[in-house]
**Student:** 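To start, I am sharing the structure in question, which I have written as structure tokens.
It should be emphasised that the depicted structure is a prediction, and the values quoted were computed from it without experimental measurement. Within every chain, numbering begins at 1; the chains are lettered A, B, ... in the order of the sequence lines, protein sequences first and strands thereafter.
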Amino acid sequence: MATTSSTTAAESVRPTVMDSVRDRLADLPFLNVLIASVLLYAVFTYITGDTFNTWNNQVTIMRAAAIFLILAVGQTLVMTTGGIDISTGSMVGVVGAIIGSGLQAGSIDPILAIPYALLLGAFLGAINGFNVTVLGVPPLLATLGTFVAYRGFTQHYMGVNLVTGLPDVVVAIGRSTYFGVPISVYVAILVAILGWFVLNRTLYGRYITAIGSNPKAAEATRINVKLITASTYAIQGALAGLAALVLMGRLNSSSAAMGEGLELHVIAAVVLGGTYLFGGRSTMVGAVLGVYLIGMLENGLIQTGAGFFVQRMILGALIIAAVALQLRQRRT
Amino acid sequence: MATAMAEAMTGGGQEAVPLLEVKHLEKRFGGVRALRGASLTIQKGETVALVGDNGAGKSTFVKAIAGVQPPDGGDILLHGEKVSIGSTKDAGRLGIEVVYQDLALANSIDVAGNVFLGDEPLKFKLGWFSVPDFKRMERETQAVLERLRIKIPNPRRPVSQLSGGQRQAVAIGRSIRKEGGISLLILDEPTAALGVEEVRKVLALIRTLKEHGQTMLIISHDLEHVFHVSDRIAVMRSGRVHAVRETAKSTKAEIIHLIVGDIEEHG
Ligand SMILES: Nc1ncnc2c1ncn2[C@@H]1O[C@H](COP(=O)(O)OP(=O)(O)OP(=O)(O)O)[C@@H](O)[C@H]1O
Ligand SMILES: [Mg+2]
């Protein structure tokens, strides 16, 4: 078999071992972030003389990262379609305000807090989806609009009030641990696994990839492009609702400023993880690693004495660098 | 319907019933009359080339048959029966498939994924969250490609990494994949924007389809290719099928003359 066909043209272009190794690596869009994470870990361990490299510190990183991971899963789905959601932090704010106030006033049963938060978030996200798909507003501007409007609503609703003394169930979601690991981390990991499955193993994942890759191709099939695209924003909204509960529980409070700036971390993490900003190519594993990388970075920077503002500068620069890198790869 | 299908399957004793009969199609875009009573008949197993100057109405004609832009007037008969094609879904149900000029492939998805996009066989059914049967998709794609005598060294790569000819083959494979085949395959400029070697492969692919008895309507600007693969040539001009010639009995000079007319203005 092999000998008879060894002289055909196809054979002469057969990929070499090196080619196939390179192909395999190219199939790992999260390779960069994996390498960066390992390097950063080593660097911080070296600089801080081992205070970074302790189980307790890793738990601290994970606890902070849990919320970002929940949101990064939804952001990855949105970005797969070629969209972006910058209203994420503001949606967390709205859910925190409404559900938080309801819980404090006793008008919301703590057991129902989770479904209510998910539904309210999904509704807020669905408005983004509607604006993007039905009204045709470009995602960046559609969610910039709700970024401002949702925050405005939260500030109007809350004023200078601070919700405190939340029910034990909610506080437990944010604070308690199981085998030394925060519940919120288990929740985030579960969401990430579900997200991975949906993206890589289901029709939904296929379809959002097709939509981001070539909307015309998707439209030429029986894929309901608008509904599916809109649904990614609704999912991101629902996850913002979940993240709001976790955050409320962790802080045991909510205020008009809750969730501010979250979107920056989330978008940075997803893009650093290797998800293509222009749609069609995305990675859940990369999102997890991206979230962890940024968590490490912030934690490490604090330990090495750099302040909050320095963190923001570095985060902003990282987003630009990651996108610039993607643009370069796109051209080649 | 059932009898028409039976006839189509057996090849039919009645030569008189053409596969497709398009009668007096009309289509208006505001003030522009893109189709002005365009008519064309295609027999089963035939390869008809559709030629004409830019703006003659070829794409509009094809879009009307494919349900992309339903016509304002006229009739379409398939196997002798009048059909109404209001959407691409209608066309698909009737076995009419189009491979477009700007190949509608999802670049970051692999060959099998594109061949089955939107119509995946399922391993586990749950609406949007159904799990496609990837193994079966790959197997059946391999079978389709073999039937077309197409070699794609690594079908698991995203199709963005394929050559133009291979992409054309994937798009065609996608259209003809359906169980029991399709009745009419329409190719819009299948050789445009391809290198010499790629063009040769695509023409070979079209001839393979012909051997399989696939009925085809091919839009092309390249008369060389048209003469290479077609049985008949339909010339469009100003929204009408102006003339139809048997390829074997015609010449390029004649077709060019029919396309351009007597140095008259076109808008
Ligand atoms: N969607 C549309 N809106 C307005 N006018 C249109 C539209 N589609 C086509 N036309 C007009 O209808 C006429 C026929 O166009 P059509 O695209 O069918 O030509 P064609 O023969 O396919 O040309 P080409 O060889 O350039 O592809 C042209 O005058 C064109 O400008
Ligand atoms: Mg055209």
**Student:** Work out which heavy atom in B:Pro132 is nearest to a heavy atom in A:Arg201; give both atom names and the distance.
**Tutor:**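 Closest heavy-atom pair between B:Pro132 and A:Arg201: CD-O, 3.2 Å.
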**Student:** Identify the residue among A:Thr202, A:Val198, A:Ile208, A:Leu227 that makes a side-chain contact (heavy atoms from CB on, under 4.5 Å) with B:Trp128.
**Tutor:**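 It is A:Leu227, the one option of A:Thr202, A:Val198, A:Ile208, A:Leu227 that forms the side-chain contact (heavy atoms from CB on, under 4.5 Å) with B:Trp128.
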**Student:** Does CZ in B:Phe134 sit with more than 12 non-hydrogen atoms of other residues, nucleotides or ligands closer than 6.0 Å?
**Tutor:**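 Buried by this count: over 12 neighbours within 6.0 Å.
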**Student:** Which atoms of B:Asp110 are under 4.5 Å from chain A, going by heavy atoms: the side chain, the backbone, both sets, or neither?
**Tutor:**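 Answer is side chain: those atoms of B:Asp110 sit under 4.5 Å from chain A.
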**Student:** Please report the closest heavy-atom contact between A:Ala217 and B:Leu117, naming both atoms and the distance.
**Tutor:**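 In terms of heavy atoms, the two residues are closest at O-CD2, 4.5 Å.
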**Student:** Give me the contact list for residues 119-140 of chain A versus chain B, heavy atoms only, anything under 4.5 Å, ordered by residue number.
**Tutor:**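 Result: none.
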**Student:** Counting heavy-atom pairs under 4.5 Å to chain A, which of B:Ile109, B:Leu122, B:Asn114, B:Asn107 comes out on top?
**Tutor:**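 With the most close heavy-atom pairs to chain A, the winner is B:Ile109.
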**Student:** Would you check if the side chain of B:Ser108 reaches a backbone N or O of A:Ser213 as a donor-acceptor pair within less than 3.5 Å?
**Tutor:**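 No, B:Ser108 side chain to A:Ser213 backbone: no donor-acceptor pair under 3.5 Å.
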**Student:** Under 4.5 Å between any side-chain heavy atoms of B:Glu120 and A:Tyr207, yes or no?
**Tutor:**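 Answer yes - side chains close enough.
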**Student:** In Å, rounded to the nearest 0.5 Å, how long is the span from OG of B:Ser130 to CZ of A:Arg206?
**Tutor:**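 Reported value, rounded in 0.5 Å steps: 13.5 Å.
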**Student:** What residues, two or more places apart in sequence or in another chain, satisfy side chain to side chain donor-acceptor pair (under 3.5 Å) together with B:Arg200?
**Tutor:**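 B:Arg200 satisfies side chain to side chain donor-acceptor pair (under 3.5 Å) with B:Glu197 once adjacent residues are dropped.
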**Student:** Any pair with a residue in residues 220-246 of chain A that passes salt bridge (Lys or Arg N to Asp or Glu O under 4.0 Å), sequence neighbours left out, goes on the list, sorted by first then second residue, please.
**Tutor:**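 Residue pairs with at least one partner in residues 220-246 of chain A: A:Arg222-B:Asp119.
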**Student:** Using non-hydrogen atoms only, which part of B:Thr88 is less than 4.5 Å away from chain A: side chain, backbone, both, or neither?
**Tutor:**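 B:Thr88 has no heavy atom closer than 4.5 Å to chain A.
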**Student:** State which residues pass side chain to side chain donor-acceptor pair (under 3.5 Å) with A:Thr80; sequence neighbours excluded, sorted by chain then number.
**Tutor:**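 So A:Thr80 forms a side chain to side chain donor-acceptor pair (under 3.5 Å) with A:Ser282.
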**Student:** Counting only heavy atoms closer than 4.5 Å, note whether A:Ile211 contacts chain B via side chain, backbone, both or neither.
**Tutor:**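 Neither part, no heavy atoms under 4.5 Å.
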**Student:** Does CD1 belonging to A:Ile114 count more than 12 external heavy atoms closer than 6.0 Å?
**Tutor:**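 Counting other residues, nucleotides and ligands, CD1 of A:Ile114 stays at 12 neighbours or fewer.
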